[in-house]
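Shown next, in structure tokens, is the structure this report addresses.
In the text below, chain A, chain B and the rest are named by the order of the sequence lines, each starting its count at 1.
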Protein chains: 2
Amino acid sequence: MKKETRQEEIVRIAARLFKEKGYSAVTMRDLASEMGIKAASLYNHINSKQDILDMIIITLAEAFTEGMKQIQSSPEDCIGKLKQIIELHVKLSSQNIYGMASLNNDWMHLKEKRDYYKKLRSNYEDDFRAILEEGIASGEIINQNPEVMMFSILTTLRSLYIWIPKKEDLNLMEFSTALNQILIKGINK
Amino acid sequence: MKKETRQEEIVRIAARLFKEKGYSAVTMRDLASEMGIKAASLYNHINSKQDILDMIIITLAEAFTEGMKQIQSSPEDCIGKLKQIIELHVKLSSQNIYGMASLNNDWMHLKEKRDYYKKLRSNYEDDFRAILEEGIASGEIINQNPEVMMFSILTTLRSLYIWIPKKEDLNLMEFSTALNQILIKGINK
DNA sequence: TGAGCAAACTAACAACTGTTAGTTTAATGT
DNA sequence: ACATTAAACTAACAGTTGTTAGTTTGCTCA
């Protein structure tokens with residue numbers, strides 16, 4: 001486990017502030033103050049405020065893309081793949097609670113990287129939808145609108161970062177299992 | 001149908017801009033330009049930028065509170081009440097797509113009204129949770145963690161504003177029914 | 001016609017924004 | 001002991017922010 005660089009520390013603290021107030025409301029002076037230094041000193045380690053946001057969001061978006069690639073190539077059936085997707089979201093969200101907030105709420109403040117991000121996201125959704133459609137075709141899952149199913153599951157998974165920190169005693173594996181039960185099998189007896 | 005006041009028009013346009021860029025990133029000059037006037041002129045109709053946000057969020061939060069009160073006093077069983085909750089969210093979200101974005105993403109920029117908003121929200125969640133617990137007790141719904149169930153359903157419902165505008169041909173009643181099926185009964189056969 | 005008034009305007013403000021240039025500090029390795 | 005260097009500092013910039021004060025415009029109705 002190699003030591004965190006000063007730049008990584010800045011990005012980590014920035015992500016926390018971005019989660020609390022949003023990218024636009026966080027000033028470089030806020031960030032510097034949280035680091036215990038002056039705003040100008042930040043620029044010894046990063047190029048711009050924009051760069052910080054880019055790093056937070058793109059790193060995470062690529063991690064989701066990579067995770068989806070692995071799931072696609074797994075031998076599991078559709079329900080099994082959905083379970084893996086849930087586990088992927090629980091894992092990445094719990095490892096990067098603050099970054100997930102930027103990913104969800106501040107992606108529109110990307111500039112050059114914005115189109116790239118949107119491409120990654122829409123590819124991810126296409127892959128997700130394809131898994132559902134495959135499940136419908138094979139009779140594994142109900143013949144409902146796959147768009148609405150994906151919407152329902154994906155918005156829940158994208159909001160995990162809000163809930164995970166509230167449950168300090170949360171067992172991630174148990175949480176993942178409960179989510180799987182609820183999202184796949186529903187809640188009624 | 002009485003005509004919209006100039007103030008209501010400003011609040012409506014502001015909500016749209018807040019959805020696109022977030023409260024902090026929208027300037028009074030942006031808003032004025034969208035209204036076709038100068039920034040200073042806005043102040044003939046509103047007291048402050050803060051006031052606009054307050055109006056958008058509190059109006060909606062109170063509408064949800066009111067809706068929940070009605071559902072509580074209905075004679076339906078637990079599953080029936082959940083169905084009504086889904087319909088409430090579909091209705092309020094589709095009527096106020098832009099405001100829902102502020103409610104979800106910009107409530108932290110409230111000032112004096114922030115505690116009031118948080119109170120409304122936590123009361124709403126308490127009422128929601130009580131319905132689920134009642135359903136568990138009566139055996140209507142599965143004996144899973146009610147917190148996780150509520151989280152899953154509520155985050156989906158809170159994100160409706162993202163999806164509704166994408167489906168221009170969306171039939172709200174059909175959408176509501178599909179959501180009900182998926183959230184309550186799950187997606188597997 | 002002209003008084004009243006809602007709603008626009010211009011001009012300006014003090015504070016705050018991201019960022020730069022140049023300088024000082026303190027620890028490191030030779 | 002000294003040169004190097006990472007990382008802090010001070011000072012300043014040009015542009016943007018929400019907002020106020022005072023003025024002008026143009027419609028409504030007596």
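Between A:Ile37 atom CD1 and D:dC9 atom C1' the separation is 10 Å, expressed in whole Å. When rounded to the nearest whole Å, the span between CG of A:Leu42 and C1' of D:dA7 equals 11 Å. The distance from atom CD1 of B:Ile52 to atom P of D:dT17 is 15 Å, rounded to the nearest whole Å. Whole-Å rounding puts the B:Asp30 CG to D:dT17 C1' distance at 11 Å. What separates NZ of A:Lys38 from P of D:dT10 is a distance of 4 Å, to the nearest Å. At whole-Å resolution of the value, NE2 in A:His45 and C1' in D:dA6 are 8 Å apart. The separation between B:His109 atom NE2 and D:dG18 atom P is 12 Å, rounded to whole Å. Atom CG of B:Asp54 and atom C1' of D:dG18 are 15 Å apart (whole Å).
With sequence neighbours left out, the ring-ring contact (aromatic ring centres under 6.0 Å, His included) criterion links B:Phe151 to A:Trp163. Residues passing the ring-ring contact (aromatic ring centres under 6.0 Å, His included) test with B:Tyr117, sequence neighbours excluded: B:Trp107. Remark: B:Phe175 pairs with no residue by the ring-ring contact (aromatic ring centres under 6.0 Å, His included) rule, at least two apart or across chains. With sequence neighbours left out, A:His45 forms a ring-ring contact (aromatic ring centres under 6.0 Å, His included) with no residue at all.
The side chain of B:Arg6 lies closest to C:dA7 when the candidates are C:dC9, D:dT10, C:dA7.
With respect to B:Glu125 and B:Arg158, a salt bridge is recorded, a charged nitrogen being found less than 4.0 Å from a carboxylate O.
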Review item, side-chain donor-acceptor pairs of residues 27-36 of chain A, under 3.5 Å, at least two apart:
residue : atom : partner : partner atom : Å
A:Thr27 : OG1  : A:Arg29 : N            : 3.3
A:Thr27 : OG1  : A:Asp30 : N            : 2.9
A:Thr27 : OG1  : A:Asp30 : OD1          : 3.4
A:Thr27 : OG1  : A:Asp30 : OD2          : 3.3
A:Asp30 : OD2  : A:Lys21 : NZ           : 3.4
A:Asp30 : OD2  : A:Thr27 : N            : 3.1
A:Glu34 : OE2  : A:Arg16 : NH1          : 3.3
A:Glu34 : OE2  : A:Arg16 : NH2          : 3.2

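Listed pair A:Ser41 / D:dC9 meets the phosphate criterion, a side-chain N or O lying under 4.0 Å from OP1 or OP2.
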Polar atom pairs (N or O), protein with nucleotides 18-22 of chain C, under 3.5 Å:
residue : atom : partner : partner atom : Å
C:dG18  : OP1  : A:Val26 : O            : 3.4
C:dG18  : OP1  : A:Lys49 : NZ           : 3.1
C:dG18  : OP2  : A:Met28 : N            : 2.8
C:dG18  : N7   : A:Arg29 : NH1          : 2.9
C:dG18  : O6   : A:Arg29 : NH2          : 3.0
C:dT19  : OP2  : A:Tyr43 : OH           : 2.5
C:dT19  : OP2  : A:Lys49 : N            : 2.9
C:dT19  : O5'  : A:Tyr43 : OH           : 3.2

